[in-house]
Amino acid sequence: MTLDAMTPARFTIAARLKSFRYAFTGIGFMLRTQHNAWIHLAATAAVVAAGIGLKVRTEDWRWLIVAVVLVWVAEAMNTAFEHLCDVVSPDFHVLVQRSKDVAAGAVLICSIGAVVLGALTLAPYL
């Protein structure tokens, strides 16, 4: 939407391509600045390698992909949330810290769920 008239902006291919560029810039920023994203990247590579090495069936790849995507989405949202909190409240505030802790906890919950889902999915192949 445009801010002046609150009407939807026209759809253009150029604008859609620009939005993809912004998204990839955000992913790149997350990978460059978030140490936990490096861990998620290594875990993703390990899961893909295990899936290929164990010749996982398509039906089981679906579960592995869901697990990996959930963790990446949680990490991306956590990164965005933390940076937004830092802009809104640059000085320490206990409530902002609690909010950041909850967002980090969401990543942990997704990560634990992904490990369980991955173990359940890969166990029959071992």
Side-chain angles (χ1 to χ4, degrees):
M1 295 215 157
T2 58
L3 293 177
D4 56 341
M6 295 304 288
T7 57
R10 284 192 54 204
F11 175 87
T12 65
I13 298 298
R16 294 311 95 215
L17 292 175
K18 190 180 281 190
S19 69
F20 276 101
R21 189 174 77 224
Y22 295 145
F24 284 115
T25 297
I27 293 168
F29 174 79
M30 178 180 59
L31 287 170
R32 284 190 314 277
T33 63
Q34 302 302 303
H35 296 141
N36 287 340
W38 302 349
I39 296 168
H40 300 315
L41 186 59
T44 299
V47 166
V48 170
I52 291 169
L54 295 170
K55 298 182 174 128
V56 170
R57 295 184 326 236
T58 302
E59 301 84 40
D60 292 327
W61 270 112
R62 292 178 188 136
W63 292 110
L64 297 175
I65 290 167
V66 166
V68 167
V69 168
L70 281 173
V71 173
W72 278 108
V73 169
E75 182 62 38
M77 295 303 296
N78 181 56
T79 300
F81 187 76
E82 285 185 355
H83 282 84
L84 183 60
C85 284
D86 290 344
V87 169
V88 172
S89 181
D91 296 327
F92 177 81
H93 192 286
V94 69
L95 296 178
V96 172
Q97 184 60 49
R98 285 184 184 155
S99 296
K100 288 179 166 185
D101 291 346
V102 170
V107 178
L108 181 61
I109 291 167
C110 285
S111 298
I112 292 168
V115 167
V116 171
L117 189 52
L120 291 171
T121 304
L122 294 176
Y125 293 94
L126 297 176

Please examine the side chains of Ile39 and Asn36, heavy atoms only from C-beta on, and report whether any two atoms are closer than 4.5 Å.
-> yes
Measure the spacing between CZ of Phe29 and CD of Gln34 and express it to the nearest 0.5 Å.
-> 6.5 Å
Are Val107 and Val115 grouped together when hydrophobic residues (ILVMFWY) are joined by side-chain heavy atoms under 4.5 angstrom apart?
-> no
Could Asp101 and Arg98 be called an ion pair, given the rule that one side-chain N must be under 4.0 Å from one carboxylate O?
-> no
Flag the pair Ser111 / His40 as yes when at least one side-chain heavy-atom distance between them is below 4.5 Å, and no otherwise.
-> yes
Are Asn78 and Glu75 side-chain neighbours, meaning at least one heavy-atom pair lies under 4.5 Å?
-> yes
All heavy atoms of Ala114 vs all of Val71, minimum pair found to be CB-CG2, 3.5 Å
Would the number of heavy atoms belonging to other residues, nucleotides or ligands and lying under 6.0 Å from CZ of Phe92 be above 12?
-> yes
Nearest heavy-atom pair of Ala103 and Phe81: which atoms, and what distance?
-> CB-CD2, 3.7 Å
Tyr125 side, atom OH; Arg57 side, atom CZ - distance, nearest 0.5 Å = 4.0 Å
Quick one: does Leu64's side chain get under 4.5 Å of Leu122's, heavy atoms only?
-> yes
Residue pair Thr121 / Trp61, side-chain donor-acceptor N/O under 3.5 Å | no
When rounded to the nearest 0.5 angstrom, what distance separates CG in Leu84 from CE in Met77?
-> 10.0 Å
Have a look at Trp72 and tell me which of Val69, Leu70, Val68 forms a side-chain contact (heavy atoms from CB on, under 4.5 Å) with it.
-> Val68
Compare every heavy atom of Ala74 with every heavy atom of Cys110, then report the nearest pair and how far apart it is.
-> SG-CB, 3.8 Å
NZ on Lys18 to OG1 on Thr12, rounded to 0.5 Å | 8.5 Å
Please report the C-alpha distance between Asp91 and Val96 in whole Å, then the side-chain angles of each, then the deciding distance to 0.1 Å, and finally whether the side chain to side chain contact (heavy atoms under 4.5 Å, CB included) criterion is met.
-> CA-CA 10 Å; Asp91 296 327; Val96 172; over 6 Å; no
Provide the closest heavy-atom pair for Trp38 versus Arg32 in the form atom of the first, atom of the second, distance.
-> CZ2-O, 3.8 Å
Do Val94 and Val102 share a hydrophobic cluster, counting only Ile, Leu, Val, Met, Phe, Trp and Tyr and linking them when any side-chain heavy atoms are less than 4.5 Å apart?
-> no
Mind checking whether Tyr22 and Leu17 sit in one hydrophobic cluster, side chains of I, L, V, M, F, W, Y counted as touching below 4.5 Å?
-> no
Shared hydrophobic cluster, Ile52 / Leu41 (ILVMFWY, side-chain heavy atoms < 4.5 Å) = yes
Roughly how far, to the nearest 0.5 Å, is the CD atom of Glu82 from the OG1 atom of Thr33?
-> 9.5 Å
Would you confirm whether Trp63, through its side chain, and Leu117, through its main-chain N or O, come within 3.5 Å as a donor-acceptor pair?
-> no
Euclidean distance, Lys100 NZ relative to His93 NE2, rounded to 0.5 Å | 12.5 Å
